[in-house]
Amino acid sequence: MKLLTTLLTGSALVAAGSAFADDHMASDMTLVSWGGAYQTSQQKAYTEPYMAANEGVSVTWDESSNEAVSKLRAMNEAGNVTWDLVDVEGPDSQRLCDEGLAMEIDFDDVLAQGDDGSDVEDDFGPTLINDCFIPQIVFSTTFGYRTDVEEWDGRTPTSLCDVFDLENFPGKRALEKRPKKNLEWALLCDGVAQEDLYDVLETPEGLEQSLAKLDTIKDETIWWSSGADTPQLLADGEIVIGSAYNGRLFSVIEEQSQPVAMLWDWQVFDFDGWVIPADLPDDRLARVLDFVKYATDTQRLADQAAYISYGPARASSQPLVSTHAELGIEMAPHMPTNPANQKNFLVNNIEWWADNQDDVEARFQAWLAK
């Protein structure tokens, strides 16, 4: 994955610089994230200590990250961008960057060096996926399952393809109401090799093949839109297995002590981070840049890992990850990057999804509506 570092446009950089020099910063920010345990980890690690160190600053949260592209498009069209900083996955950051809806930045200027002296590009490494994306975490989407399903007669899911096995593992499933990841998983369990996935998906026949595989469990599937849905459905016993972000599953297993376990097979890695909406007023941009430099430094990214099992995007943060802030358990074994959890995994193909998301999404939603 190539590393991209480009210069912020001269006028925007000068504007931001003058705002910092004059200490003319907005006193409030609207941050957009995903809600739930992940947003709580951001509040604990980033915003609460930042507000404590910057008296008078307030933060408002909007839990609309799953609609970031469409909403920023609409705000831009209306000429009224009310968001200051938006948490998105890698492919959405690419789309927003390509469309000019997210600001291009100079990473060396905007982000802090690593506490170990490493420069920004080396410290963040391959998580610097495009000109607009400010990395926070490495996470994965994987599966959680109930450990007390009587109909399974003591069997335990060990393979991704057990999700498609209604005979040995009967019961309701949960999958995200988006094509990304579902299509790859369906093709893997229909015999397509990992290295051929996107070549197959590139064709109309390949897309239909993946949907046909999903058809085999469609009637037994609840489709989720919020990251909190699957953990709650598992906790309530409304499903027996479902996809979710690994940090959400950590919460329901370790923090809530529910009879749920993880299925790491073919987890899909993603990068998650911030984008700054393009063309913010100077005072808002200055505040955002000040916050971003603080919130993505070595210590803050390590602090976030004390609240949720997502790997910090910085290499310099990794040695600082230790125990959960409240439970006291070691966090390293619960990270998606733990070698024991990586026997089979996929890395989200950011470029492919950025290029194909809209067309594939339309076909997927039409299939869902049948």
Side-chain angles (χ1 to χ4, degrees), residues 34-38 63 66-67 139-191 207-268 270 309 336 341 344-346 360-361 363-370:
W34 304 89
Y38 177 58
E63 299 177 8
N66 61 330
E67 302 174 283
F139 74 100
S140 75
T141 306
T142 188
F143 286 85
Y145 61 90
R146 294 280 304 193
T147 59
D148 58 353
V149 184
E150 294 182 3
E151 292 83 359
W152 291 359
D153 295 328
R155 291 183 293 269
T156 300
T158 57
S159 162
L160 164 68
C161 298
D162 291 336
V163 175
F164 294 88
D165 185 353
L166 293 173
E167 181 177 351
N168 288 307
F169 299 98
K172 287 287 186 181
R173 278 87 168 113
L175 293 172
E176 189 173 7
K177 198 176 183 179
R178 293 200 294 174
K180 189 171 63 174
K181 305 163 192 171
N182 291 325
L183 300 186
E184 290 96 327
W185 285 331
L187 289 179
L188 283 171
C189 292
D190 206 42
L207 178 56
E208 295 308 311
Q209 179 184 351
S210 62
L211 294 176
K213 184 64 175 179
L214 288 167
D215 259 326
T216 65
I217 58 171
K218 185 178 182 183
D219 290 344
E220 290 296 308
T221 298
I222 296 173
W223 300 94
W224 60 267
S225 298
S226 167
D229 290 347
T230 289
Q232 191 61 55
L233 291 167
L234 284 167
D236 293 343
E238 293 186 35
I239 62 170
V240 295
I241 191 167
S243 66
Y245 308 127
N246 75 281
R248 299 287 191 138
L249 291 171
F250 170 85
S251 179
V252 79
I253 294 168
E254 298 295 341
E255 296 174 354
Q256 301 176 34
S257 300
Q258 294 289 338
V260 175
M262 299 278 281
L263 175 63
W264 292 101
D265 192 44
W266 291 113
Q267 61 170 319
V268 180
D270 269 299
S309 56
N341 301 330
N344 291 312
F345 67 92
L346 294 173
V360 173
E361 181 76 38
R363 177 66 188 99
F364 182 78
Q365 296 302 332
W367 169 80
L368 270 183
K370 286 184 180 177

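- Within a 6.0 Å sphere centred on NZ of Lys172, other residues, nucleotides and ligands contribute more than 12 heavy atoms.
- Residues Leu183 and Leu214 have side chains in contact (heavy-atom distance under 4.5 Å, counting atoms from C-beta outward).
- Listed by chain and number, the residues in a salt bridge (charged side-chain N to carboxylate O under 4.0 Å, His left out) with Glu208 are Arg363 (sequence neighbours excluded).
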* Checking side-chain hydrogen bond (donor to acceptor under 3.5 Å, both in side chains) for the pair Asn246/Ser309: CA distance, chi angles, key distance, verdict? -> CA-CA 7 Å; Asn246 75 281; Ser309 56; 3.3 Å; yes
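- Between Ala174 and Thr230, the shortest heavy-atom contact is CB-OG1, 3.6 Å.
- Between Leu207 and Trp367, the closest side-chain pair of non-hydrogen atoms is not below 4.5 Å.
- Residue Asp236 places its CG atom among more than 12 non-hydrogen atoms of other residues, nucleotides or ligands, all under 6.0 Å distant.
- One finds the CG atom of Leu346 at 11.0 Å from the OG1 atom of Thr141 (value rounded to the nearest 0.5 Å).
- Checked against ring-ring contact (aromatic ring centres under 6.0 Å, His included), Phe143 has the following partners two or more places apart in sequence or in another chain: Trp185.
- In this structure, Leu234 and Gln258 have side chains that are not in contact, with every pair of non-hydrogen atoms separated by 4.5 Å or more.
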* Applying side chain to side chain contact (heavy atoms under 4.5 Å, CB included), run through Asn341 and Gln267 and close with a yes or a no. => CA-CA 9 Å; Asn341 301 330; Gln267 61 170 319; 3.9 Å; yes
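- Between the CD1 atom in Ile239 and the CD atom in Gln232 there is a gap of 10.5 Å [rounded to 0.5 Å].
- Applying the ring-ring contact (aromatic ring centres under 6.0 Å, His included) test to Trp152 and every residue at least two apart in sequence or in another chain returns Phe169.
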* side chain to side chain contact (heavy atoms under 4.5 Å, CB included) assessment of Arg173 paired with Ile222 -> CA-CA 6 Å; Arg173 278 87 168 113; Ile222 296 173; over 6 Å; no
* To do: Show your working on side chain to side chain contact (heavy atoms under 4.5 Å, CB included) between Cys161 and Trp266 and close with a plain yes or no.
  => CA-CA 10 Å; Cys161 298; Trp266 291 113; over 6 Å; no
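- Taking Asp270 as the reference, Lys181 meet the salt bridge (charged side-chain N to carboxylate O under 4.0 Å, His left out) condition, with sequence neighbours excluded.
- To the nearest 0.5 Å, the span separating CE on Met262 from CD on Glu254 amounts to 9.5 Å.
- Under the 3.5 Å distance criterion, the side-chain polar atoms of Gln365 are matched with a main-chain donor or acceptor of Lys177.
- Contact check for Asp265 versus Asp162: no side-chain heavy atoms found under the 4.5 Å cut-off.
- The main-chain N or O of Pro259 is found under 3.5 Å from a side-chain atom of Thr147 such that the two form a donor-acceptor pair.
- Not counting sequence neighbours, the partners of Glu176 by the salt bridge (charged side-chain N to carboxylate O under 4.0 Å, His left out) test are Arg178.
- Looking only at atom types and distance, the side chain of Trp224 has a donor-acceptor partner in the side chain of Ser243 under 3.5 Å away.
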* Could you check Lys213 against Leu187 for side chain to side chain contact (heavy atoms under 4.5 Å, CB included), going step by step and ending with a plain yes or no? => CA-CA 7 Å; Lys213 184 64 175 179; Leu187 289 179; over 6 Å; no
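- For the residue pair Ala235 and Val252, the shortest heavy atom distance occurs at CB-CG2, 4.1 Å.
- Every residue two or more places apart in sequence or in another chain was checked for a salt bridge (charged side-chain N to carboxylate O under 4.0 Å, His left out) with Glu361, and none qualifies.
- In this structure, the side chains of Trp34 and Asn66 come closer than 4.5 Å at one or more pairs of heavy atoms.
- Taken to the nearest 0.5 Å, the CG atom of Leu160 stands 8.5 Å off from the OG1 atom of Thr142.
- Distance check: Lys218 NZ to Leu175 CG gives 12.0 Å after rounding to the nearest 0.5 Å.
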